[in-house]
Amino acid sequence: MSWTDERVELLKKMWGEGQSASQIAKELGGVTRNAVIGKVHRLGLSNRATGASPAKAEPKEKPAPAPKAEAKPKPAPKTEPARPAPAAEAKPAIPARRQIIPAGQPLPPQPSANEISPEALAKVNEIEKKAKKLTLMELTEKTCKWPVGDPATEDFWFCGLPVEAGKPYCEAHVGVAFQPMSSRRDRRR
DNA sequence: CCCTGATTCGC
DNA sequence: GCGAATCAGG
């Protein structure tokens, strides 16, 4: 496979979205993640900072400063082929089915019902915006299986981000899923 | 072990 | 320019 304009464009798009090189490679097909990374570098867009990561300034000697004074006209040919929908679908308010669960009432006890470090929760909310939003069938051993949303509605999906090696959830969700176990020890019954 | 990106270097 | 091999990390 070669780097056609379309493929490069998809590469840029996905890289910009923060997709990993391997994911991009998978999507493109015919290339390895190494190829993707190599291309990314050649394109000079290795830095994914969107303007909020001034922290890292490698003390590496850069013989070629590469000013990057690009001023591409970009006539915008936009030959968008069949691109996978962004996933933001119109959601026809659950037809043929009244809300099984009373509005505003507690959903099935999400594991986060207890006290979890506010940090962890904040982290979750943060990453859930980047979730792949997979369906049950799309889950693999390598995708986070954390459920999000209300199973009774269309607004339900699984995180799908890369799992923490071995575990069933991504880093953020591992944080709220595995608790030191403490609260409920004396459960009289 | 799984994964990530970064770099090198023969092609 | 390309990307496998390798490196360096999480």
Side-chain angles (χ1 to χ4, degrees), chain A residues 1-75 77 79 81 84 86-87 111-112 116-148 157-180:
Chain A
M1 277 303 211
S2 59
W3 286 109
T4 63
D5 285 352
E6 291 181 16
R7 290 165 65 78
V8 171
E9 200 182 323
L10 180 54
L11 163 59
K12 287 179 179 175
K13 175 172 175 274
M14 292 183 74
W15 186 261
E17 290 175 354
Q19 302 272 19
S20 70
S22 63
Q23 287 179 309
I24 297 173
K26 211 189 304 172
E27 182 70 31
L28 287 170
V31 288
T32 64
R33 73 180 196 89
N34 279 314
V36 170
I37 292 174
K39 186 59 179 177
V40 161
H41 281 212
R42 264 169 257 127
L43 288 171
L45 40 70
S46 58
N47 190 337
R48 278 204 256 209
T50 318
S53 272
K56 279 292 177 184
E58 286 299 302
K60 281 232 166 84
E61 306 302 353
K62 284 232 169 180
K68 277 289 172 311
E70 287 185 12
K72 279 195 174 173
K74 203 79 174 174
T79 317
S112 56
I116 297 178
S117 84
E119 303 181 358
L121 285 178
K123 204 170 172 187
V124 167
N125 289 321
E126 188 60 38
I127 62 93
E128 280 185 4
K129 287 184 295 192
K130 291 173 184 160
K132 307 291 293 305
K133 301 195 176 185
L134 302 181
T135 65
L136 182 58
M137 284 103 80
E138 296 172 320
L139 293 176
T140 74
E141 326 243 303
K142 301 180 181 57
T143 60
C144 179
K145 299 165 190 60
W146 190 268
V148 179
W157 34 269
F158 292 90
C159 176
L161 290 170
V163 296
E164 194 76 348
K167 304 174 189 69
Y169 307 121
C170 67
E171 183 198 340
H173 286 135
V174 161
V176 295
F178 297 117
Q179 289 291 274

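So you know, we letter chains A, B, ... as the sequences are listed, proteins then strands, and number each from 1.
The listed nucleotides are B:dG5, B:dC3, C:dG3; the one nearest the side chain of A:K142 is B:dC3. Considering only side-chain atoms of A:N34, the nucleotide from C:dA5, C:dC2, B:dG5 that sits closest is C:dA5. Nearest nucleotide to the side chain of A:W3, out of B:dT4, C:dA4, C:dC2: C:dC2. Here B:dA6 is the nucleotide among C:dG3, C:dA4, B:dA6 with the atom lying nearest to any side-chain atom of A:H41.
Taking atom CH2 of residue A:W15 and atom C1' of nucleotide B:dT4, one finds them 9 Å apart after rounding to whole Å. Rounded to an integer number of Å, the gap from CG of A:L161 to P of B:dC3 is 15 Å. Protein atom CD1 of A:I24 is 11 Å distant from nucleotide atom P of B:dA6, rounded to whole Å. A:Q19 has its CD atom 15 Å from the C1' atom of B:dG5, to the nearest Å. Atom CG of A:L43 is separated from atom C1' of B:dT7 by 16 Å (rounded to the nearest Å). The interatomic distance linking A:K130 (NZ) with B:dT4 (C1') rounds to 15 Å, in whole Å. Here the P atom of nucleotide C:dC2 and the CZ atom of A:R7 are 11 Å apart, to the nearest Å. Between A:D5 atom CG and C:dG1 atom P the separation is 15 Å, expressed in whole Å.
One cannot find a donor-acceptor pair under 3.5 Å joining the base of C:dG3 and the side-chain atoms of A:R33.
Contact annotation: A:K39 does not reach the phosphate of C:dG1 (side-chain N/O to OP1 or OP2, under 4.0 Å). Taking 4.0 angstrom as the limit, A:S20 places a side-chain polar atom (N or O) nearer than this to OP1 or OP2 of B:dT4.
The backbone N or O of A:T135 sits less than 3.5 Å from a side-chain atom of A:E138, completing a donor-acceptor pair. Checking side-chain atoms of A:K132 against main-chain N and O of A:K130 turns up no donor-acceptor pair under 3.5 Å.
Rounded to the nearest 0.5 Å, atoms CD (A:Q23) and CD (A:E27) are 9.5 Å apart.
Contacts of A:S22 with the nucleic acid, taken as non-hydrogen atoms under 4.0 Å apart, involve only primed sugar atoms and P, OP1 or OP2.
Each of A:R42 and A:Q23 lies near DNA chain B, and the nucleotide nearest A:Q23 is the one positioned closer to the 5' end. In terms of position along DNA chain C, the nucleotide closest to A:A35 lies nearer the 5' end than the nucleotide closest to the other residue of the pair A:A165 and A:A35.
Shortest non-hydrogen contact noted between A:V174 and A:Y169 is CG2-O, 3.4 Å.
Side-chain polar atoms of A:H173 and A:E164 form no donor-acceptor pair below 3.5 angstrom.
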